[in-house]
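Predicted model only: the values in this text are computed from it and were never measured.
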Amino acid sequence: MTPLARIANARTADGLADLHIADGRIVSVTPLPKPLLPEPPLPKPLSDPPGTIEAGGDRIATRPTAGLGEMPHPGPEVFDAAGRVVLPAFTDAHVHLDKAFLLPAIEDALAAEGAALTPDLGDAIATVARLRDRLPAGAVAAGAQRAADTLLRNGTTAARAMVEIDPATGLDLLELHRGLDTRLDLQLTAFPQRGLELPGQTDLMRAAMREGAHVVGGCPYVDADPAAHLDFVFALAEAHSAPVDLHLDFSDDPAASQIDLVAERTRALGFQGRVAIGHVTTLAAMDDPDKALAALADAGIALAVMPATDLYLAGHPRAASGGFATRSVAPILRAAALGVRVSIANNNLCNPFAPYGNGSQLQAAWLAGLLFRAVSPADRRVLLDAITANPAAVLGLPERGPVPGAAADLVVVDADRLGDVVVQAPRIAAVVEDGALLQRPA
């Protein structure tokens, strides 16, 4: 890590400027009168994928992630952004590190059984649960480490991780997250992937919160009694003064929506601003989602969408939709217009829930822009806020970005116009955390 005193020639929303840094914060911003000429050539792409998994015998290990270690120091604590756009570092409000990059090992295990993956949520949950103890030793830890490295490399410096709490693994995955070698700022959610009705599950959730989990997670659609599930989650959160984060409404049937149940409890218990829900694909299947979105806004409930996972696992043809599939991603532009705080997250990376997940929130925002035809600058601003300011607020982080007084958690992208960022999903040129350079152009 290279501590910085200044980022020169940064492209901000107000034009070119020098950003002055001290004690991990932006202390001042000096506007520059005109752009530097000529523009430098764009850096070459990095050659090696981050944290590549190597197999050897029955174990799996990772190579160190290129670009995230110590780097040569080119000058007196100055990084020249060379006219590139500088943004707040990305924040992922919903990601599963303990399932990341398990796809090859799980495909091998299924092939040995004569089976194969299906794009079905229930199958994905059951497959991962059934095969966990048959994976090569260290596969889960290696995948989680690779995922943390990949997020950082893609400009994400803070994340809310969904830590699976299950009788089959106890609190092992909570300890795994604590043992990661990462500069990623992690907020840990105790998450009952298979519901709360398994023997011993509620005791494990209580133990996870006592052992330092930060957020109480829930998955009410898994249980036969979703209302009882929510009662337990909110009571546990109240006991620990913790936020609530729910996997909710992961269905193509709008009649299955549990938004009203969550909104009622949120208002009744005074949890406004402390509840987040993820997926909510029922919103995409509703003929008119405005009433449900207004309920979320009124209760101060934040909404996270995960385009890669939600497109892959939901949006199946239904009789109610005339045999056609919906787009299956909750309508975030409409949600934002109605006052809902919206985030775009990775959720899963290269596993049965999302084989195509790659850890780039910028690419996820780009995909959401295509899905919702985000044609106006205002729409594209919603997408950018959904990977920066909004998820940071959900995690309770202080302001970050290239403005005086903000934390110097920044990402430099290979674009010279702010409007090009979500349209082009350009390469990440550099990542700055707490005023220190983590990654620089190759």
A.B. asks: Is the CG atom of D133 crowded by more than 12 outside heavy atoms at less than 6.0 Å?
C.D. replies: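 More than 12 within 6.0 Å, yes.
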A.B. asks: Given H214 and H240, is the ring-ring contact (aromatic ring centres under 6.0 Å, His included) satisfied, shown in steps?
C.D. replies: CA-CA 9 Å; H214 308 107; H240 289 270; over 10 Å; no
A.B. asks: Does a donor on one side chain sit under 3.5 Å from an acceptor on the other, for H279 and D310?
C.D. replies: yes
A.B. asks: In terms of side-chain geometry, is the basic nitrogen of E238 or R265 positioned less than 4.0 Å from the acidic oxygen of its partner?
C.D. replies: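 No, E238 and R265 are not salt-bridged.
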A.B. asks: Suppose we screen for salt bridge (Lys or Arg N to Asp or Glu O under 4.0 Å). Which residues come up paired with D249, at least two apart in sequence or across chains?
C.D. replies: none
A.B. asks: Go through R267 and D298 one step at a time and tell me if the salt bridge (Lys or Arg N to Asp or Glu O under 4.0 Å) criterion holds.
C.D. replies: CA-CA 9 Å; R267 290 191 297 264; D298 179 65; 3.6 Å; yes
A.B. asks: Verify whether one side chain among N390 and D385 offers a donor that lies under 3.5 Å from an acceptor in the other.
C.D. replies: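 Distance-only check fails for N390 and D385.
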A.B. asks: Do R381 and S376 have a side chain donor and acceptor closer than 3.5 Å?
C.D. replies: no
A.B. asks: Is any side-chain N of the basic residue among E164 and R132 closer than 4.0 Å to the acidic one's carboxylate O?
C.D. replies: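 A salt bridge is present here (some side-chain N lies under 4.0 Å from a carboxylate O).
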A.B. asks: Should the pair R146-D149 be classified as a salt bridge under the 4.0 Å nitrogen-to-oxygen rule?
C.D. replies: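 Salt bridge: no.
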A.B. asks: Side chains of T91 and R160 only: does a donor on one sit below 3.5 Å from an acceptor on the other?
C.D. replies: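 Not at all, the side chains of T91 and R160 share no donor-acceptor pair under 3.5 Å.
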A.B. asks: Are H229 and Y221 close enough that their ring centers fall under 6.0 Å?
C.D. replies: no
